[in-house]
Visitor: 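Pasting in a structure now, in structure tokens, and then I'll have a few things to ask.
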Amino acid sequence: MTAKFEADSGKLLSEDYRPLEIEREIREFWEKNNIQEKLMEFREKNNLGVAGYVEGPPTLNGIPHVGHARGRVIKDLRFRWRTMQGYFVPFWAGWDCQGLPVELEVEKLLGVKNKRELVERVGEERFIEECKKTIMRYHREWVEADRKLGIFIDQEKAYWTYLDNYIEREWQYLKRAWEQGLLEEGYYVVAYCPGCQTSLSSAEVGYEGSYKEVEDPSLYFKFRLAESQNEYFLVWTTMPFTIITDMMLAVHPEAEYAKVKVGDEKWLIARQRVEPVMQELGIEKYEIAETVTGKSLEGLKYEYPLKDLIPRQAELDKHPLVHRVICEEFVDVNTATGVVHLSPGNGEEDFSAAQKRGVPVFAPFDDEVKFTEETGIFSGVFARDADAMVVEELRKRGALVKVETIRHEYPTCWRSHHKIVWLARREYFLRTDKINSKVVEAAEKVEYFFEAPKNRFLSFLKEGKPWCISRERVWGAPLPIWVCKKCGAKTFIASKKELIEKAVESPPPNFELHKPWIDHILIECEKCGNLMHREPFVLDTWHNSGASPYARFTDEEFQKYVPTEFLTEGIDQTRGWANSLLLEHVILTGKAEAPYKAFLFQGLTQDAKGRKMSKSLGNIIEVNKLLEKASADVCRFYLMRKCSPIEFMNFDLNELSRRPYQVLSTLYHLNRFFVQNAEYDNFNPQKHTLEWAKKHGHLKKPDLWLISKLQKTIEECTVGLEKCEFNTALAELEDFVVEIVSRFYVPMIRKELWTDDPETLNRRLAIYACLWHVLKTVTLLSNPATPFLSEALYQKIYRRLDPTLHESVNFESWPKPDEKLRDKALEEDFENLLQCLSIVYSARQAAKLKRRWPLRIAVIVASEKICESLRNLHEVFIELANVKAAEYFQQPPENIKAEATAGKWSYVTEKGITVFIDVYRDEKLLGEGLMRDVARRVQSLRKELGYVPTDILDNVHIAGLEEENVRLLRPYLSDMAELVRAKKVHLHSGLPEAEAKWHEYPLDEKKIYIAIA
Ligand SMILES: [Zn+2]
Ligand SMILES: [Zn+2]
């Protein structure tokens, strides 16, 4: 072998695409050279503008899985793209550290079952230390996942939602609400989780998957009218325990009610519900005695049957408004009996009906949702456990009509899956209902990229409920309100400094803004001089993270970066972060403005079978484990390419090694092909530019076509990214790499590169100029999606050939399409050519003629337009069709038609185009075809033995051919030598001699032997 040229590239770029090796090397390159830091500094100084960003902080209560990876890759892709476009993006990390999700994780770790046990056995101080340890442990996992994935987020500048400086700025939001009268204390009915022992916001109740099918009693019972001995209201409920807190019955004012005679009794029930209810109760003998309007029932007193058991109810019964019938529009007369019992202590509508009329609220529950002493025999019983007791007591008193069990959808806690209970509790609320029109107006101005998530978000916002922001938990930002126990005065403290100044006793120096320490601080009441205690609540964790646009920045940064240009989170954040960010920003600024100009909601990521990833199914794919064996680039490409970002994605491990790997591998090998040939011919990118090639007329139609197609790809790829259609952007890129460059362009020019003839050197250099331009541009376009491969190609090829290039591909500018390089007429010609070519292949297949075998002639019958295109590209066409000649007609020539019927031509018609190919091969054509067949086997042996394409072999030996074939092949030996890059090819008749290292290959069901020496 003569190693005329030993390309460095051969060593730099391994023969196979090995992404894991590349990624390890590039990660080290980035870290050793501080590329990320330099990039930030560079863009902070040199930019076309600022693209504000605030990180949606992942909660540090679990290990990152592929669903998280998808979101993080979208963020990083966007960051790299905007940075290349010349914008400065403050792509700084942030971590959500507090709140129920973290507390529950720690409770589990400590083996604690509920809050009381936690406070008694563990203590708040130790609990908080454990919370901090836990978030730090998960933090390490997240940073490692970011590093493996190549996420260029600045970890040094991360914000932490639990730190004092963050909490102080969060308080600024609340202070604005307090000043505007939007922060209120009140008795409200809240959704309450008995497991977590805290209230949930209405947003949390609606979380994806929180409604579960559960079993509940289905109870019909009757309350007797006080003024009558045999008239009853018939009522239905699935929550018998609420009868303990019953205060009123409600009917619809306009509806008709019937008095139904059943035995000796008359039951009051909505007229239209008589038949279905009687049927359900299995009562056949009944009649309607009379009908009355709902309105006429208003004010009637009924006998509350459990008075003797519940001391407080006996007292309340004396109240003039208690245990009476009221009229309410919300009563639905299309279900149950059309008579509803109301428990203001356990229902939202019930509560407001009571508030409106001044009816007392009876909410006798402790933190574990157990009944208090006011309830007599029910004292100490957990609310839902009282169901059976209540049913039994009603039975004893003859008030029970029927009880069964039903299965229905009922909201459960999104964290602990306990059945939610509605309770009237003392809470703090942001009266976001008062500013709802501003909130909706702000949200309408935001770009969401896709209609469905936009509509979903807006319709949720329009509900406009008050936001319960108090939580009866430990690990959270404290509510900074102190109350005087004596006079009830309240003070809002907005900073640590203010708190220290007002504290009766100075707190210790290491004091932090958390429970339990902050609760030890007492301040003096300005009104009466008594001591004020802090309200014991912490803030909803969504309020905590929703404060990030103000809390994570300085005032100056806040001015520069907010509203942010673009944010993206999972669709589940419709009710979460996207919502809390918006509400808090409107409160803070007083304007109908969102803190983000655009918000992309991502679909969730599921397993290969479309199931939700969960611990119980054991189908969670952790990022760090996955990337020990899988390539980050391939994963990134797969995550972005498989479907639209708003779709639910089924992540299938088996798919990684298929198409995504093949696409990246093709890009890798194209670059390798380019650099090996280019270096062999001493290509100099500074000298041999496209302009140089154009000026000297060295560019041919395939080159111009390729360059034109590149412009289209740049344009469509950019548009795809702008619209957040990452999958379409990458599909464009993939199509360009795999189809245009690899499948079509390379075969068009390969032969021209297959020589080292000095006469044609300039033409070869022009091809390299073209490939340099095209492949380098593709490397830049790929960078946002596959940064490791792009950087590797940039360093190992482009920067090595042109040391004046930037230190990293990330400093490059995003390519812009150049209209001057676009030639739409030429693109159309090529499109027609490719279409005809595929019909040629069909015709060959029909006649079992391999593409490698040259044929005498192809005749194309097509429209004038297509014929014109083929004439324009005649040389390219006969080269790719592998025919010696081609003729183009609009009508099939008569003689060919006749000969085709006789079998001399193979022909195929598709889309109005007919291709005839001459199936007859003379000795010359047979010989050349055979030569190509054998050459192909020599090529694969070359590769097997590790020769690079530019290596020139001394001798190639062929043996084992039949005599007839030897005769056919002999005239083509020099052609073959050129094709396989060898000095000489030797033919041996008969079986090979023993001394050579022979390799056996099949050829048309026989065997041939090849040796390279
Ligand atoms: Zn819960
Ligand atoms: Zn006071």
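In each ligand, atom 1 is the first atom listed, and ligand 1 is the first ligand listed.
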Visitor: Below 2.8 Å, any N, O or S contact between Q197 and the Zn ion (ligand 1)?
Guide: no

Visitor: To check you understand the geometry: which heavy-atom pair defines the closest contact between F537 and R534, and what is its length?
Guide: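 It is O-NH1, 2.7 Å.
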
Visitor: Could you tell me if K515 sits above the aromatic ring of F127, with its cationic atom closer than 6.0 Å to the ring centre and no more than 45 degrees from the axis?
Guide: no

Visitor: What is the ring orientation for W95 with W160, classed by angle as parallel under 30°, tilted 30 to 60°, or perpendicular over 60°?
Guide: tilted

Visitor: Short check: any N/O/S atom of C413 below 2.8 Å from the Zn ion (ligand 1)?
Guide: yes

Visitor: Working to 10°, measure the angle at the Zn ion (ligand 2) formed by atom SG of C487 and atom SG of C528.
Guide: 120°

Visitor: With heavy-atom distances below 4.5 Å as the criterion, would you say the side chains of K490 and V483 are in contact?
Guide: yes

Visitor: Before moving on, can you tell me the angle at the Zn ion (ligand 1) between the SG atom of C193 and the OG atom of S416, to the nearest 10 degrees?
Guide: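 The two atoms form an angle at the metal of about 100°.
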
